[in-house]
Amino acid sequence: MFREVDEEFVRGAFKPRRAGSHKGENGSVLVVGGSWLYHGAPFLSAMAALRSGVDLAYIAAPEKIATAIRALSPNLIVLPLTDLKLTPGAVRRIKKILPRVDVLVVGPGLASGSEPGIETVIREAEDKALVLDATALYPEVVPAVSGRKVVLTPHAGEFQRVFGAKVPEGLEERVELVKEYARKAGVTILLKGRLDIISDGVDAAVNRTGTPAMTVGGTGDVLTGVVAALL
């Protein structure tokens, strides 16, 4: 059994702002990502979080692309990192911003080989909600986030990379698979596809609003930002 994500469901997820709320009360998000090749991915995630209602969006990205990201929007707060990969040294700079944010996004556009930094920043952000995408999706990361307020956003290939299980074609089988691995791993999984499947291991929901136009690069990064805003 699963629930359908419909307009009523979405309306219930987006809470109205308190009339007297102040800056920061509606959430702040930090996106850790980007590389010499991909400067757009963290930007799209951060802008999606802003468009979905958060008050402040930070990006921690390699210094080489930080100026380019800043030029795209004055709404973003960009923290330049000295290394092209997410190294433990780069995490030391990120630690200074962590107390200011509610949700940490890790992975969009991040260079491969960043695993030591990913695991370090996840440990440092132990009291934060997390969204893991793209480069941050690999088997060893699962024990580090099990039982925490975390959403993994894999497509079928990334799901197999993380959990070692091939995603079946049938909807019922896909729902059961996602639900099973979410329960075993102690995480929430959002499996992207023509039909998106979301489960925390107890309940499951299916979103049918996808279109072939969503195969364009960056769509997943936008989704990651929306999920961060909801968290």
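Below, all heavy atoms of this structure are taken into account, side chains as well, without hydrogens, waters or symmetry copies.
Scored by the side chain to side chain contact (heavy atoms under 4.5 Å, CB included) test, A90 finds L81, D83, L86, T87 as partners (sequence neighbours excluded). For T224, the side-chain hydrogen bond (donor to acceptor under 3.5 Å, both in side chains) partners are D133, not counting sequence neighbours. The side-chain hydrogen bond (donor to acceptor under 3.5 Å, both in side chains) check on R17 picks up D55, with sequence neighbours excluded. Here P116 pairs with P88 under the side chain to side chain contact (heavy atoms under 4.5 Å, CB included) rule; sequence neighbours left out. Every residue two or more places apart in sequence or in another chain that forms a side chain to side chain contact (heavy atoms under 4.5 Å, CB included) with L190 is listed here: V151, T153, K192, D196, I198, L223, V227.
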Show the atom names and distances, to 0.1 Å, of all donor-acceptor pairs under 3.5 Å that link a side chain in residues 58-78 to residues at least two apart or in another chain.
| residue | atom | partner | partner atom | Å |
| --- | --- | --- | --- | --- |
| R70 | NH2 | V78 | O | 3.0 |
| S73 | OG | N75 | N | 3.0 |
| S73 | OG | N75 | ND2 | 3.3 |

Residues 93-110, side-chain donor-acceptor partners within the protein, below 3.5 Å, at least two apart:
| residue | atom | partner | partner atom | Å |
| --- | --- | --- | --- | --- |
| R93 | NH1 | P80 | O | 2.6 |
| D102 | OD2 | S28 | N | 2.9 |
| D102 | OD2 | S28 | OG | 3.4 |

Under 3.5 Å, which donor-acceptor pairs do the side chains of residues 37-51 form with other protein atoms, sequence neighbours left out?
| residue | atom | partner | partner atom | Å |
| --- | --- | --- | --- | --- |
| S45 | OG | A41 | O | 3.4 |
| S45 | OG | D221 | O | 2.8 |

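Applying the ring pair (Phe, Tyr, Trp, His ring centres under 6.0 Å) definition to pairs two or more places apart or across chains, none involves residues 115-153. Within the structure, ring pair (Phe, Tyr, Trp, His ring centres under 6.0 Å) contacts touching residues 160-207 (residues at least two apart or in different chains) are F159-F163, F159-Y181, F163-Y181. The ring pair (Phe, Tyr, Trp, His ring centres under 6.0 Å) pairs that include a residue from residues 185-231 number zero, where partners must be two or more places apart or lie in different chains. Screening residues 156-177 for salt bridge (charged side-chain N to carboxylate O under 4.0 Å, His left out) gives no qualifying pairs among residues at least two apart or on separate chains.
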